[in-house]
Amino acid sequence: MAITWTERQPDGDSDRNWLSVASDNDGSNLIAAVNGRRLWTSDDYGVTWTERRPAGDANISWDAVASDSDGSNLIAVINPGRVWTSADFGATWTERQPAGAIDKSWQAVASDSDGSHLIATISPGRIWTSADFGATWTERRPAGDVDDDWEGVASDSDGSNLIVGAALGRLWTSADFGATWTERRPAGDVNKYWEAVASDNDGSNLIAGANVARLYTSDDFGATWTERQPGGDVNKRWKAVASNFNGGYLIAGAYGADRLYTSDDSGVTWTETQPKGDVDGEWKAASLNYDGSGLIVGEATGRLYTATQSIAFVPPVNKGSVKRLVVVSNNEVWYEDI
(Lines give C-alpha, C1' and ligand atoms only; values in the text may rest on other atoms or scores of the structure.)
Protein backbone atom coordinates (compact mmCIF):
# COMPACT_ATOMS: atom_id res chain seq x y z
CA MET A 1 0.00 0.00 0.00
CA ALA A 2 1.34 3.39 -0.98
CA ILE A 3 2.18 5.75 1.86
CA THR A 4 1.11 9.39 1.65
CA TRP A 5 3.75 11.70 3.10
CA THR A 6 3.41 15.25 4.40
CA GLU A 7 6.35 17.66 4.46
CA ARG A 8 6.88 19.37 7.83
CA GLN A 9 8.75 22.62 8.44
CA PRO A 10 9.58 22.96 12.15
CA ASP A 11 12.52 25.23 11.38
CA GLY A 12 10.85 27.14 8.55
CA ASP A 13 10.80 26.80 4.79
CA SER A 14 14.42 25.78 4.38
CA ASP A 15 16.49 22.63 4.23
CA ARG A 16 18.10 21.44 7.46
CA ASN A 17 20.39 18.61 8.54
CA TRP A 18 17.88 16.37 10.34
CA LEU A 19 19.96 13.74 12.13
CA SER A 20 17.53 12.07 14.53
CA VAL A 21 13.79 11.68 15.17
CA ALA A 22 11.72 9.77 17.73
CA SER A 23 8.05 8.99 18.27
CA ASP A 24 5.89 7.97 21.20
CA ASN A 25 3.55 4.97 21.01
CA ASP A 26 0.65 6.59 19.20
CA GLY A 27 2.72 8.94 17.06
CA SER A 28 1.26 12.14 18.48
CA ASN A 29 4.35 13.23 20.43
CA LEU A 30 7.44 13.61 18.26
CA ILE A 31 10.93 14.99 18.73
CA ALA A 32 13.39 15.94 15.99
CA ALA A 33 16.99 17.12 16.11
CA VAL A 34 18.75 19.46 13.70
CA ASN A 35 22.51 19.23 13.62
CA GLY A 36 23.94 22.70 14.12
CA ARG A 37 20.61 24.24 15.19
CA ARG A 38 17.79 23.34 17.62
CA LEU A 39 15.52 20.61 18.96
CA TRP A 40 11.83 20.56 18.05
CA THR A 41 8.86 18.75 19.60
CA SER A 42 5.29 18.23 18.40
CA ASP A 43 2.23 16.97 20.28
CA ASP A 44 -0.15 16.85 17.30
CA TYR A 45 1.46 14.28 14.99
CA GLY A 46 3.80 16.83 13.46
CA VAL A 47 1.25 19.47 12.43
CA THR A 48 2.76 22.14 14.70
CA TRP A 49 6.15 22.29 16.40
CA THR A 50 7.79 23.94 19.42
CA GLU A 51 11.45 24.88 19.52
CA ARG A 52 13.37 23.54 22.53
CA ARG A 53 16.62 24.93 23.95
CA PRO A 54 18.12 22.58 26.54
CA ALA A 55 21.56 24.16 26.19
CA GLY A 56 20.37 27.76 25.91
CA ASP A 57 19.75 30.22 23.10
CA ALA A 58 22.44 28.97 20.75
CA ASN A 59 22.66 26.65 17.79
CA ILE A 60 23.93 23.24 18.89
CA SER A 61 25.12 20.10 17.11
CA TRP A 62 22.29 17.82 18.23
CA ASP A 63 23.16 14.30 17.17
CA ALA A 64 20.55 11.93 18.61
CA VAL A 65 17.20 11.85 20.44
CA ALA A 66 14.98 9.17 21.98
CA SER A 67 11.55 9.03 23.59
CA ASP A 68 9.64 6.87 26.04
CA SER A 69 6.24 5.37 25.16
CA ASP A 70 4.13 8.48 25.85
CA GLY A 71 6.62 11.18 24.87
CA SER A 72 7.01 12.65 28.34
CA ASN A 73 10.54 11.40 29.05
CA LEU A 74 13.05 12.44 26.40
CA ILE A 75 16.81 12.26 25.96
CA ALA A 76 18.97 14.28 23.58
CA VAL A 77 22.73 14.43 23.08
CA ILE A 78 25.20 16.89 21.59
CA ASN A 79 28.29 16.10 19.53
CA PRO A 80 30.48 17.44 21.05
CA GLY A 81 28.71 18.39 24.26
CA ARG A 82 26.52 16.94 26.99
CA VAL A 83 23.53 14.66 27.57
CA TRP A 84 20.15 16.22 28.35
CA THR A 85 16.92 14.66 29.65
CA SER A 86 13.38 15.97 29.99
CA ALA A 87 10.48 14.59 32.05
CA ASP A 88 7.80 17.01 30.81
CA PHE A 89 7.58 16.49 27.04
CA GLY A 90 10.55 18.76 26.39
CA ALA A 91 9.36 21.84 28.31
CA THR A 92 12.33 21.76 30.69
CA TRP A 93 15.64 19.90 30.55
CA THR A 94 18.35 18.64 32.91
CA GLU A 95 22.01 18.33 31.93
CA ARG A 96 23.56 14.91 32.60
CA GLN A 97 27.24 14.06 32.83
CA PRO A 98 27.74 10.31 32.34
CA ALA A 99 31.39 10.78 31.38
CA GLY A 100 32.08 13.65 33.75
CA ALA A 101 32.00 17.42 33.41
CA ILE A 102 33.58 17.57 29.98
CA ASP A 103 32.17 17.64 26.48
CA LYS A 104 32.08 14.33 24.62
CA SER A 105 31.19 13.23 21.09
CA TRP A 106 27.81 11.73 21.93
CA GLN A 107 26.59 9.72 18.97
CA ALA A 108 23.49 7.62 19.73
CA VAL A 109 20.83 7.15 22.42
CA ALA A 110 17.93 4.83 23.21
CA SER A 111 15.23 4.62 25.87
CA ASP A 112 12.99 1.94 27.32
CA SER A 113 9.21 2.37 27.42
CA ASP A 114 9.03 4.53 30.58
CA GLY A 115 12.27 6.47 30.17
CA SER A 116 13.98 5.00 33.23
CA HIS A 117 16.51 2.82 31.42
CA LEU A 118 18.67 4.79 29.01
CA ILE A 119 21.73 4.06 26.91
CA ALA A 120 24.05 6.60 25.31
CA THR A 121 27.17 6.09 23.21
CA ILE A 122 30.29 8.10 22.45
CA SER A 123 32.24 7.97 19.19
CA PRO A 124 35.06 7.44 19.90
CA GLY A 125 34.63 6.46 23.54
CA ARG A 126 32.53 4.27 25.75
CA ILE A 127 28.92 3.23 26.28
CA TRP A 128 26.90 4.43 29.26
CA THR A 129 23.63 3.12 30.74
CA SER A 130 21.26 4.58 33.34
CA ALA A 131 18.50 2.88 35.35
CA ASP A 132 17.13 6.03 37.01
CA PHE A 133 16.03 8.37 34.20
CA GLY A 134 19.56 9.63 33.68
CA ALA A 135 20.37 10.66 37.25
CA THR A 136 23.30 8.24 37.51
CA TRP A 137 25.21 6.29 34.87
CA THR A 138 27.35 3.15 34.51
CA GLU A 139 30.14 2.75 31.97
CA ARG A 140 29.90 -0.32 29.73
CA ARG A 141 32.68 -1.95 27.68
CA PRO A 142 31.35 -4.49 25.17
CA ALA A 143 34.65 -4.61 23.26
CA GLY A 144 36.87 -4.49 26.32
CA ASP A 145 38.92 -1.69 27.83
CA VAL A 146 39.28 0.31 24.63
CA ASP A 147 37.51 3.26 23.10
CA ASP A 148 35.40 2.44 20.06
CA ASP A 149 33.35 4.41 17.55
CA TRP A 150 29.89 3.47 18.82
CA GLU A 151 27.43 4.60 16.13
CA GLY A 152 24.13 2.73 16.58
CA VAL A 153 22.12 1.72 19.63
CA ALA A 154 18.65 0.34 20.38
CA SER A 155 16.71 -0.94 23.41
CA ASP A 156 13.73 -3.18 23.98
CA SER A 157 10.72 -1.98 26.00
CA ASP A 158 12.17 -2.62 29.47
CA GLY A 159 15.81 -1.83 28.76
CA SER A 160 17.12 -5.34 29.40
CA ASN A 161 17.86 -6.30 25.80
CA LEU A 162 20.23 -3.89 24.07
CA ILE A 163 22.08 -3.77 20.77
CA VAL A 164 25.00 -1.51 19.84
CA GLY A 165 27.05 -1.16 16.69
CA ALA A 166 30.62 0.00 16.21
CA ALA A 167 32.10 1.80 13.23
CA LEU A 168 34.65 -0.48 11.60
CA GLY A 169 33.78 -3.04 14.24
CA ARG A 170 31.10 -5.48 15.29
CA LEU A 171 27.58 -5.63 16.64
CA TRP A 172 27.07 -6.46 20.30
CA THR A 173 23.94 -7.50 22.20
CA SER A 174 23.16 -7.60 25.91
CA ALA A 175 20.33 -9.40 27.73
CA ASP A 176 21.04 -7.98 31.20
CA PHE A 177 20.72 -4.19 30.89
CA GLY A 178 24.27 -3.86 29.57
CA ALA A 179 26.09 -5.75 32.31
CA THR A 180 27.49 -8.36 29.89
CA TRP A 181 27.70 -8.43 26.09
CA THR A 182 27.86 -10.92 23.22
CA GLU A 183 29.62 -10.16 19.94
CA ARG A 184 27.50 -10.67 16.80
CA ARG A 185 28.73 -11.10 13.22
CA PRO A 186 25.89 -10.76 10.70
CA ALA A 187 28.36 -10.13 7.86
CA GLY A 188 30.79 -12.82 8.93
CA ASP A 189 34.21 -12.39 10.43
CA VAL A 190 34.79 -8.89 9.09
CA ASN A 191 34.38 -5.45 10.58
CA LYS A 192 31.58 -3.25 9.23
CA TYR A 193 30.58 0.34 9.76
CA TRP A 194 27.42 -0.35 11.81
CA GLU A 195 25.47 2.92 11.96
CA ALA A 196 21.80 1.92 12.21
CA VAL A 197 20.12 -0.58 14.55
CA ALA A 198 16.58 -1.07 15.84
CA SER A 199 14.74 -3.47 18.14
CA ASP A 200 11.20 -4.64 18.67
CA ASN A 201 9.55 -4.55 22.11
CA ASP A 202 11.08 -7.71 23.55
CA GLY A 203 14.44 -7.55 21.79
CA SER A 204 13.98 -10.74 19.79
CA ASN A 205 13.53 -9.10 16.39
CA LEU A 206 16.43 -6.85 15.39
CA ILE A 207 17.50 -4.96 12.30
CA ALA A 208 20.97 -3.59 11.61
CA GLY A 209 22.39 -1.61 8.72
CA ALA A 210 26.00 -0.95 7.79
CA ASN A 211 27.50 1.89 5.77
CA VAL A 212 28.34 0.83 2.20
CA ALA A 213 27.07 -2.65 2.98
CA ARG A 214 23.80 -4.48 3.58
CA LEU A 215 20.84 -4.72 5.95
CA TYR A 216 20.47 -7.69 8.26
CA THR A 217 17.59 -8.94 10.41
CA SER A 218 17.48 -11.37 13.31
CA ASP A 219 14.49 -13.06 14.99
CA ASP A 220 16.42 -14.75 17.80
CA PHE A 221 17.89 -11.86 19.81
CA GLY A 222 20.87 -11.57 17.47
CA ALA A 223 22.06 -15.18 17.54
CA THR A 224 21.58 -15.60 13.77
CA TRP A 225 21.08 -13.09 10.98
CA THR A 226 19.66 -12.90 7.45
CA GLU A 227 20.94 -10.49 4.80
CA ARG A 228 18.28 -8.24 3.24
CA GLN A 229 18.43 -6.35 -0.05
CA PRO A 230 15.73 -3.64 -0.19
CA GLY A 231 17.44 -1.83 -3.07
CA GLY A 232 18.66 -4.92 -4.88
CA ASP A 233 22.00 -6.66 -4.88
CA VAL A 234 24.06 -3.55 -4.16
CA ASN A 235 25.70 -2.05 -1.11
CA LYS A 236 24.05 1.05 0.35
CA ARG A 237 24.93 3.59 3.02
CA TRP A 238 22.30 2.53 5.55
CA LYS A 239 21.85 5.31 8.09
CA ALA A 240 18.32 4.93 9.49
CA VAL A 241 16.23 1.91 10.52
CA ALA A 242 13.16 1.56 12.74
CA SER A 243 10.88 -1.25 13.89
CA ASN A 244 7.34 -1.49 15.19
CA PHE A 245 6.49 -3.32 18.41
CA ASN A 246 6.96 -6.85 17.10
CA GLY A 247 9.39 -6.45 14.23
CA GLY A 248 6.76 -7.18 11.61
CA TYR A 249 6.86 -3.69 10.11
CA LEU A 250 10.20 -2.04 9.34
CA ILE A 251 11.53 1.08 7.64
CA ALA A 252 15.05 1.64 6.36
CA GLY A 253 16.73 4.68 4.84
CA ALA A 254 20.02 5.12 3.01
CA TYR A 255 22.24 8.15 2.63
CA GLY A 256 23.77 9.11 -0.69
CA ALA A 257 20.93 9.97 -3.10
CA ASP A 258 18.70 7.01 -2.35
CA ARG A 259 15.18 5.97 -1.36
CA LEU A 260 13.28 4.82 1.72
CA TYR A 261 12.06 1.25 1.98
CA THR A 262 9.36 -0.38 4.13
CA SER A 263 8.64 -4.01 4.91
CA ASP A 264 5.50 -5.55 6.41
CA ASP A 265 6.91 -9.08 6.67
CA SER A 266 9.92 -8.68 8.97
CA GLY A 267 12.24 -7.74 6.14
CA VAL A 268 11.55 -10.58 3.72
CA THR A 269 10.18 -8.23 1.06
CA TRP A 270 10.48 -4.46 0.73
CA THR A 271 8.57 -1.63 -0.93
CA GLU A 272 10.12 1.64 -2.05
CA THR A 273 8.46 4.76 -0.66
CA GLN A 274 9.11 8.31 -1.83
CA PRO A 275 8.42 11.22 0.56
CA LYS A 276 10.04 13.63 -1.91
CA GLY A 277 8.29 12.19 -4.93
CA ASP A 278 10.35 10.54 -7.61
CA VAL A 279 13.54 12.11 -6.25
CA ASP A 280 16.30 10.50 -4.23
CA GLY A 281 16.98 11.71 -0.69
CA GLU A 282 19.72 11.69 1.93
CA TRP A 283 17.90 9.77 4.66
CA LYS A 284 19.51 9.88 8.11
CA ALA A 285 16.57 9.65 10.54
CA ALA A 286 13.50 7.41 10.86
CA SER A 287 11.07 6.40 13.59
CA LEU A 288 7.80 4.47 13.86
CA ASN A 289 5.04 4.54 16.43
CA TYR A 290 4.00 1.39 18.30
CA ASP A 291 2.28 -0.52 15.51
CA GLY A 292 3.94 1.19 12.54
CA SER A 293 0.92 3.21 11.45
CA GLY A 294 2.70 6.51 12.20
CA LEU A 295 6.01 7.32 10.52
CA ILE A 296 8.47 10.20 10.71
CA VAL A 297 11.64 10.54 8.64
CA GLY A 298 14.30 13.21 8.29
CA GLU A 299 16.71 14.08 5.53
CA ALA A 300 20.21 15.48 5.71
CA THR A 301 20.13 18.86 3.96
CA GLY A 302 16.40 18.46 3.48
CA ARG A 303 13.06 18.28 5.27
CA LEU A 304 11.05 16.30 7.78
CA TYR A 305 8.17 14.15 6.58
CA THR A 306 5.39 12.38 8.48
CA ALA A 307 2.83 9.81 7.36
CA THR A 308 -0.03 7.78 8.77
CA GLN A 309 -1.41 4.57 7.33
CA SER A 310 -3.78 1.75 8.14
CA ILE A 311 -1.73 -1.30 8.88
CA ALA A 312 -2.52 -4.97 9.29
CA PHE A 313 -0.65 -6.72 12.06
CA VAL A 314 1.76 -9.18 10.46
CA PRO A 315 3.58 -11.21 13.07
CA PRO A 316 7.28 -11.86 12.63
CA VAL A 317 8.03 -14.61 10.13
CA ASN A 318 7.56 -18.12 11.55
CA LYS A 319 5.81 -16.80 14.66
CA GLY A 320 2.12 -17.35 13.99
CA SER A 321 -0.77 -16.72 11.63
CA VAL A 322 -1.57 -13.34 10.12
CA LYS A 323 -3.94 -11.24 12.20
CA ARG A 324 -5.37 -7.74 12.06
CA LEU A 325 -4.58 -5.17 14.74
CA VAL A 326 -7.80 -4.08 16.42
CA VAL A 327 -6.79 -1.84 19.33
CA VAL A 328 -3.59 -0.40 20.74
CA SER A 329 -4.06 1.25 24.13
CA ASN A 330 -1.43 1.52 26.85
CA ASN A 331 0.55 -1.23 25.13
CA GLU A 332 -2.45 -3.59 25.18
CA VAL A 333 -3.20 -5.23 21.85
CA TRP A 334 -6.18 -7.17 20.55
CA TYR A 335 -6.22 -9.08 17.27
CA GLU A 336 -8.64 -10.85 14.99
CA ASP A 337 -7.86 -13.44 12.32
CA ILE A 338 -7.76 -12.17 8.76
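Every value quoted in this text rests on a predicted model; they were computed, and no experiment measured them.
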Q. Does Lys104 NZ have over 12 foreign heavy atoms under 6.0 Å away?
A. no
Might you point out which heavy atoms bring [X] and [Y] nearest each other, and give the distance in Å?
X      : Y      : result
Gly203 : Phe221 : O-CD2, 3.2 Å
Val268 : Arg228 : CA-NH1, 3.6 Å
Gly115 : Leu118 : O-CD2, 3.7 Å

Checking [Y] against [X]: is there a side-chain donor and acceptor pair closer than 3.5 Å?
X      : Y      : answer
Asp63  : Ser61  : no
Thr41  : Asp43  : no
Arg96  : Thr94  : no
Thr217 : Asp219 : no

Would you say the side-chain atoms of [X] pair up with the backbone N or O of [Y], donor to acceptor, closer than 3.5 Å?
X      : Y      : result
Ser243 : Ala198 : no
Thr301 : Asn17  : no
Ser123 : Glu151 : no
Arg214 : Glu227 : no
Asn29  : Asp24  : no
Glu282 : Gly256 : yes
Arg259 : Glu272 : no
Ser174 : Asn161 : no

Run through the side-chain heavy atoms of Ile, Leu, Val, Met, Phe, Trp and Tyr, join any pair under 4.5 Å, and report what else lands in [X]'s cluster.
X      : value
Val190 : none
Trp181 : Ile119, Ile127, Trp150, Val153, Leu162, Val164, Trp172
Leu304 : Trp18, Val21, Leu30, Val34, Trp40, Trp49, Ile296

Contacts of Asp112 meeting side chain to side chain contact (heavy atoms under 4.5 Å, CB included) (sequence neighbours excluded), chain-then-number -> Asp114, Ser116, His117, Ser155
Point to revise | Listed partners of Ala33 passing side chain to side chain contact (heavy atoms under 4.5 Å, CB included), at least two apart | key: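 Counting only residues at least two positions away or on another chain, Ala33 forms a side chain to side chain contact (heavy atoms under 4.5 Å, CB included) with Ser20, Leu39, Trp62, Val65.
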Problem - Lys236 NZ to Asn211 CG distance, which is reported to the nearest 0.5 Å - result: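 CG of Asn211 is found 12.5 Å from NZ of Lys236.
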When rounded to the nearest 0.5 Å, the distance separating CG of Leu206 from CG of Leu171 is 9.0 Å
Practice problem: Could I get the full list of ring-ring contact (aromatic ring centres under 6.0 Å, His included) partners for Tyr45, not counting sequence neighbours? | Solution: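 With neighbours one apart ignored, the set is empty.
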ask   = Are Val109 and Phe133 co-members of a hydrophobic cluster defined by side-chain heavy atoms under 4.5 Å apart?
value = no
Exercise. What class does the angle between the rings of Tyr290 and Phe245 fall in, given that below 30° is parallel, 30 to 60° is tilted and above 60° is perpendicular?
Worked result: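 The arrangement is parallel - the two ring planes meet at less than 30°.
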